[in-house]
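Numbered from 1 within each chain, the chains take letters A, B, ... in sequence-line order. Values below: every heavy atom of this structure, side chains too, minus hydrogens, waters and symmetry copies. Because the structure is predicted, anything quoted here is derived from the model rather than measured.
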Amino acid sequence: MQPFTRSVIEIMRGIPAGYVMTYGQIAAEAGSPRGARQVVRILHAMSAAHHLPWHRVVNAKGEIALPDVEARLNQQYSLEAEGVEVDAKGRINLERYRYYSNR
DNA sequence: AATTTGACGAAGC
DNA sequence: GGCTTCGCCAAAT
């Protein structure tokens with residue numbers, strides 16, 4: 001496994017309930033500032049196998065990025081169950097819920 | 001080896 | 001705020 005991939009997994013595991021991180025943020029902290037899309041790929045490949053809280057990952061605008069409507073709702077409910085407010089359009093207040101793993 | 005593919009992101013209109 | 005264009009990069013084809 002590549003160091004980048006391992007870092008991404010560790011960072012994701014470190015996101016506490018009630019917070020979210022963005023793809024770009026995770027990629028940057030994992031050492032690849034422009035590797036947001038790789039984070040997506042890793043999620044697809046590893047989320048189940050590593051018990052990753054993929055629902056705590058949103059895009060840079062703070063919205064649920066899933067293309068599939070039903071999957072979006074699942075993610076939304078998961079987040080709300082942890083205390084994250086999600087509006088009808090699947091948007092989240094990043095100012096309030098973004099998690100910074102290094103500060 | 002070359003090309004395509006994304007649950008992305010920043011910038012410009 | 002919505003839409004387009006361009007840059008990104010590893011994995012799959």
For the pair A:Arg91 (side chain) and A:Glu63 (backbone), establish whether a donor and an acceptor sit closer than 3.5 Å, ignoring hydrogens and angles.
no

Considering heavy-atom distances to DNA chain B, does A:Val58 or A:Arg41 have its closest nucleotide positioned more toward the 5' end?
A:Arg41

Under 3.5 Å side-chain donor-acceptor pair for A:Tyr100 and A:Gln25
no

For A:Phe4 and A:Gln38, what are the C-alpha separation, side-chain angles and deciding distance, and is it a side-chain contact (heavy atoms from CB on, under 4.5 Å)?
CA-CA 9 Å; A:Phe4 171 71; A:Gln38 282 51 256; 3.5 Å; yes

Return whichever of A:Lys89 or A:Arg37 has its heavy-atom-nearest nucleotide of DNA chain C closer to the 5' end.
A:Lys89

Is there a side-chain contact between A:Val57 and A:Tyr23, using heavy atoms and a 4.5 Å cut-off?
yes

More than 12 heavy atoms from other groups under 6.0 Å of OH on A:Tyr19:
no

Just to be sure I understand the rule, does A:Gly35 reach a base, reach only the sugar-phosphate, or reach nothing, if contact means heavy atoms closer than 4.0 Å?
nothing

Boundaries of the DNA chain C segment in contact with chain A, non-hydrogen, under 4.0 Å:
C:dG1 to C:dA11

So, the side chain of A:Ser7 versus the backbone of A:Pro3: is there a donor-acceptor pair under 3.5 Å, distance only?
yes

A:Gln75 (side chain) donor-acceptor with A:His55 (main chain) under 3.5 angstrom:
yes

First-last contacting nucleotides on DNA chain B - partner chain A, under 4.0 angstrom, heavy atom:
B:dT5 to B:dA10

Strictly by salt bridge (charged side-chain N to carboxylate O under 4.0 Å, His left out), give each pair with a member in residues 12-28 of chain A just once, sequence neighbours left out.
none

